[in-house]
Amino acid sequence: MFKQLIMLSIGLSIVSSCVNEGIEGSYIKFEKPINFPEPTYDFSVNEFTQEKFELGKRLFYEGRLSADNSISCGFCHNQAQAFTHHGHDLSAGVGGTEGTRNTQPIQNLAFMNDFTWDGAIRHLDLQPLVPIESPLEMKETVSNVLGKLQADASYVSDFKKSFVKTDSESHIVNLRTLTQALSQFMNALVSSNSRYDQYVRGEAMEVPYSEEEKKGLAVFNEKCASCHAGELFTDQSFRNNGLGVNSKFPDELGRGRVNDEDNGVNSSDYYKFKVPSLRNVWITYPYMHDGRLADLDAVFEHYNSGVVEMATLDPTLKNGEVLGIPLSETDKTELKYFLKSLTDETFINDSRFSE
Ligand code: HEC
Ligand code: HEC
């Protein structure tokens with residue numbers, strides 16, 4: 001299995017380059033919003049089509065991807081909360097088994113370099129294999145999933161509409177086609193129509209961007225945007241923002257346990273996690289990799305007074321003797337107005353993405 005993954009990832013990384021913007025489809029297409037950077041997903045290897053999007057969506061909401069046929073990707077990734085799991089600080093999989101991490105939103109993944117809280121997954125096409133095979137999530141095997149789908153004539157027909165089988169593949173429903181279809185559904189999940197976006201793109205707004213929202217944006221740019229940077233609201237780096245070790249999971253080292261050729265297991269990466277995007281943050285609570293902070297007030301208090309001194313604490317969170325980021329009551333109020341303006345109602349209500 002591991003070998004297969006490596007082969008797949010090499011195959012995908014060799015062919016690079018020309019990324020299409022606004023790839024056509026009759027009903028949905030992949031479009032780069034004008035205020036976004038170029039996508040990182042290589043559409044020249046896996047072309048975006050309507051058929052793949054539809055198949056990927058069917059698979060995303062398919063319970064048969066799990067051992068007891070009950071847990072789909074959409075079970076943990078709910079659209080109404082920007083594809084996170086509401087009411088769960090930690091994910092819960094087959095049989096209610098609790099995981100160790102907070103479910104991440106699925107949004108703007110076509111623009112990301114690495115996936116999951118520690119960046120262990122380097123390509124979007126490899127991501128689905130993790131939850132499918134995880135005993136804490138879908139508790140299944142990829143070969144069983146492929147067997148279930150191969151036995152279903154309507155799936156075989158949908159895969160045939162989307163993909164051409166290569167000579168080395170024995171069945172049209174295979175690891176490559178399964179994961180490429182799921183990626184196209186996820187790639188289509190672009191959130192770029194919040195009030196903030198309308199404001200920065202200079203679009204006509206029914207309710208103009210308010211003074212409070214503008215002041216919040218200024219506080220954010222001064223105090224938060226060094227890490228939650230740019231239009232994705234993450235610089236995609238891995239950092240320790242001073243949460244301190246969670247006594248429930250003392251072995252959770254974050255980025256420190258990821259071993260890859262650029263990185264290598266490294267104690268200087270202990271307790272570092274990917275800087276999360278803050279798009280739709282108003283509705284993706286609870287917060288942080290382990291969901292330990294229930295609401296934005298707790299997040300502000302963390303940065304203001306809760307930052308813990310550790311060897312790998314991000315240097316920007318330590319100024320002489322002062323730890324963290326001082327936030328006044330006015331800062332906090334204004335930040336809330338701004339962070340709320342990152343909510344994209346179009347995205348969470350778009351019926352093309354619903355089950
Ligand atoms: C049991 C709940 C659960 C299920 C089921 C589940 N996920 Fe997730 N998902 C998570 C959690 C928790 C994380 C964070 C994992 C980590 O950091 O190790 C995550 C992370 C991700 C990410 C990374 C997002 C990012 O910003 O890096 C993607 C993509 C993803 N899941 C897709 C899927 C797909 C596709 C499926 C179905 C095949 C699926 N998930 C099934 C809980 C779940
Ligand atoms: C030094 C870099 C850095 C700075 C500065 C920073 N953050 Fe963060 N932020 C992070 C990292 C890293 C995480 C993820 C930590 C984890 O889960 O272990 C995070 C997580 C968050 C989360 C949780 C999001 C989620 O999906 O769970 C929120 C909300 C947040 N930060 C808001 C802010 C605000 C508001 C400011 C400014 C007052 C700020 N951050 C400043 C690095 C930073």
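Read the numbers this way: they start at 1 and go in the same order the structure lists the ligands and their atoms.
Near Asp314, meaning under 4.0 Å from any of its heavy atoms, are these atoms of ligand 2: 1 (C). Listed by number with element, the atoms of ligand 1 under 4.0 Å from a non-hydrogen atom of Ile71 are 5 (C). Residue Phe115 approaches ligand 1 through these ligand atoms, each under 4.0 Å from one of its heavy atoms: 27 (O). The atoms of ligand 1 that sit less than 4.0 Å from any heavy atom of Met186 are 29 (C), 32 (C), 35 (C). Shown in contact with Lys223 at under 4.0 Å from a heavy atom are these atoms of ligand 2, numbered in order with element: 5 (C), 37 (C). Applying the 4.0 Å criterion to heavy atoms of Phe273 picks out, from ligand 2, the atoms 12 (C), 16 (C), 18 (O). Below 4.0 Å from some heavy atom of Gly93 lie the following atoms of ligand 1, by number and element: 1 (C). Shown in contact with Thr316 at under 4.0 Å from a heavy atom are these atoms of ligand 2, numbered in order with element: 1 (C).
Nearest to atom 18 (O) of ligand 1 among the protein's heavy atoms is Arg101 NH1, 2.9 Å. Scanning all protein heavy atoms for the shortest distance to atom 17 (O) of ligand 2 gives His289 N, 2.7 Å. The single protein non-hydrogen atom nearest to atom 12 (C) of ligand 2 is Arg239 O, 3.3 Å, given as residue, atom name and distance.
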- Please lay out, stage by stage, how Gln184 and Gln180 fare under the test side chain to side chain donor-acceptor pair (under 3.5 Å). CA-CA 6 Å; Gln184 294 306 23; Gln180 289 190 341; over 6 Å; no

- Query: ring-ring contact (aromatic ring centres under 6.0 Å, His included) between Phe60 and Phe353: does it pass, once the steps are laid out?
  - Reply: CA-CA 10 Å; Phe60 190 85; Phe353 304 147; over 10 Å; no

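Of all the heavy atoms of Leu109, the ones lying under 4.0 Å from any atom of ligand 1 belong exclusively to the side chain. Of all the heavy atoms of Leu243, the ones lying under 4.0 Å from any atom of ligand 2 belong exclusively to the side chain. Both the backbone and the side chain of Thr116 come within 4.0 Å of ligand 1, counting heavy atoms alone. Residue contacts with ligand 2, taken as heavy atom pairs separated by less than 4.0 Å, involve Val281 solely via side-chain atoms from C-beta onward. Of the heavy atoms in Met112, none comes closer than 4.0 Å to ligand 1.
Under a 4.0 Å heavy-atom criterion, Trp117 is in contact with ligand 2. Within the structure, the closest approach of Ser72 to ligand 1 falls below 4.0 Å when heavy atoms are considered.
Remark: Asp235 pairs with Ala229, Ser237, Arg239, Val275 by the side chain to side chain contact (heavy atoms under 4.5 Å, CB included) rule, at least two apart or across chains. With sequence neighbours left out, Arg64 forms a salt bridge (charged side-chain N to carboxylate O under 4.0 Å, His left out) with Glu62, Asp152.
Any protein N/O/S atom under 2.8 Å from atom 8 (Fe) of ligand 1 was counted, giving 1 altogether. Of all protein N/O/S atoms, those lying under 2.8 Å from atom 8 (Fe) of ligand 2 come to 2.
Nearest to atom 21 (C) of ligand 2 by heavy atom, out of Lys272, Lys332, Met288, Lys318, is Met288.
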